[in-house]
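Reviewing the structure listed below.
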Amino acid sequence: MFFPISFVVSFLIIQIRVERFIYRRIKKIYDDVSILESSPLSSRPITTDMKTLTEEIEKFAQDKKIEIDTLKIREEYRKDFLGNVAHELKTPLFTVQGYILTLLDGALRDKKVREKYLERANKGVERLIYIVKDLDMITKLETGDLNLDKERFDIVELIKSVFDLLEMRATKKNIVLTFDMDYEQPIYVSADKEKIQQVITNLLVNSIKYGHNDGTTEVSVENLIKNKVIIRVTDNGEGIANEHIPRLFERFYRIDKSGSRKEGGSGLGLSIVKHIIEAHGEKIYVESEEDVGSEFSFTLEKAENNDS
Ligand code: ADP
């Protein structure tokens, strides 16, 4: 009698001890893992079922891997961004410093060069200012700090006003800024007017910068589908080779990387354009052929009460 009873008792004791041992081990794993987890695993009931446990740990590892990969990409992006910013600021800063040092070295006493050097230094400062403004804008767009202030406005009138603002610049290269036809009726859209003005300005400025002398930039506004219009900005300038097109809207992406670029921009113009259009939930397209010209187009939502 004694033998079977003591066998059963010892079996039960051993079983309970082993179970508790396993439970403690597993609990420790949960506790360790939940230090890293924002929504604690340990708040869930602890399972000693090996299949569920393995699945949970695998899922946890998978999530962590994704998180680490995202962090790595973000870190890369941050380093890239800082490197690019430093690089962009360096050139105009050194230019300004060069002129100031030359002036201090004695050029200040020479009436003829004095003004010229000051003007050039000022040009450098102007360039610094617009790079910083673009950086400020892109940072706000990328962190989502920039809220859209949608209103109903006439897109034709807005384009005309940008034509007027850029007329001087276009005239310097004898480039004509024009519509494809006479828009007699207003075309009302619903969007953030100031930001769309920035989009049109950036696209037109590019069409002038990368346009040939005596060229033409044509803008059209067409109905796309019932509630959308498409605005096209077409130039007959230098165009863009196919291999560059997929990367065109990246921050700081430029085709001509040489320091001898005639037309210095911040390299942020098109990425600002893309951000603004996407923030509106709209699309931007580009078609271009080298030595023939480029066409940038984007959609906007039509406002109600449009006669056209
Ligand atoms: P950037 O400040 O250099 O003009 P953008 O982001 O506005 O920067 O444009 C990126 C690059 O795309 C430019 O460096 C230029 O090479 C090319 N690009 C943009 N618009 C045009 C255009 N209308 N015609 C030809 N190339 C263009």
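Order of listing sets the numbers, starting from 1, for every ligand and every atom in it.
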* Decide, yes or no, whether a salt bridge links Glu67 with Lys64 under the criterion of side-chain N to carboxylate O below 4.0 Å. => yes
* Asked: Would you say Leu248 has any N or O atom under 3.5 Å from an N or O of ligand 1, going by distance alone?
  -> no
* Tell me yes or no: between the side chains of Arg127 and Tyr130, is some donor less than 3.5 Å from an acceptor? => yes
* Shortest heavy-atom approach to atom 7 (O) of ligand 1 - which of Val205, Asp134, Leu204, Asn206 -> Asn206
* Parallel, tilted or perpendicular for Tyr117 and Tyr99, by the 30°/60° rule? -> tilted
* Do the non-hydrogen side-chain atoms of His280 and Ile196 ever get within less than 4.5 Å of each other? -> yes
* Is Lys160 paired with Asp164 through a side-chain N to carboxylate O contact shorter than 4.0 Å? -> no
* Asked: Should the proximity of Ile240 to ligand 1, defined as any heavy atom under 4.0 Å, be assigned to the side chain, the backbone, both, or neither?
  -> side chain
* To do: For Gly239, counting its heavy atoms only, list the atoms of ligand 1 lying under 4.0 Å from any of them.
  => 25 (C)
* Asked: With no hydrogens and no angle check, do the side chains of Thr234 and Glu218 hold a donor and an acceptor under 3.5 Å apart?
  -> no
* At a non-hydrogen distance cut-off of under 4.0 Å, which region of Asn202 contacts ligand 1 (side chain, backbone, both, or neither)? -> neither
* Find all atoms of ligand 1 within a distance of less than 4.0 Å from any non-hydrogen atom belonging to Tyr253, and give their numbers and elements. => 10 (C), 11 (C)
* To do: Heavy-atom contacts with Gly267 under 4.0 Å: which atoms of ligand 1 show up? List them by number with element.
  => 1 (P), 2 (O), 3 (O), 6 (O), 8 (O)
* For atom 25 (C) of ligand 1, which candidate among Phe296, Tyr130, Tyr210 holds the nearest heavy atom? -> Tyr210
* Asked: Side chains of Asp214 and Asn174: donor-acceptor distance under 3.5 Å anywhere?
  -> yes
* Could you establish whether Phe249 and ligand 1 come within less than 4.0 Å of each other, counting only heavy atoms on the residue side? => no
* Going by the order shown, which atoms of ligand 1 are within less than 4.0 Å of some heavy atom of Lys209? -> 1 (P), 2 (O), 4 (O)
* Asked: Charged N to carboxylate O below 4.0 Å: is that the case for Arg232 and Glu295?
  -> yes
* Ligand-side contact atoms (ligand 1) for residue partner Ile255, heavy atom cut-off under 4.0 Å -> 14 (O), 16 (O), 17 (C)
* Just which atoms of ligand 1 are under 4.0 Å from any heavy atom in Gly269? -> 5 (P), 6 (O), 7 (O)
* Charged N to carboxylate O under 4.0 angstrom, Arg78 versus Glu75? -> yes
* Hey, does Ser294 sit under 4.0 Å from ligand 1 if you only count heavy atoms? -> yes
* Asked: For Glu238, is at least one N or O under 3.5 Å away from an N or O on ligand 1?
  -> no
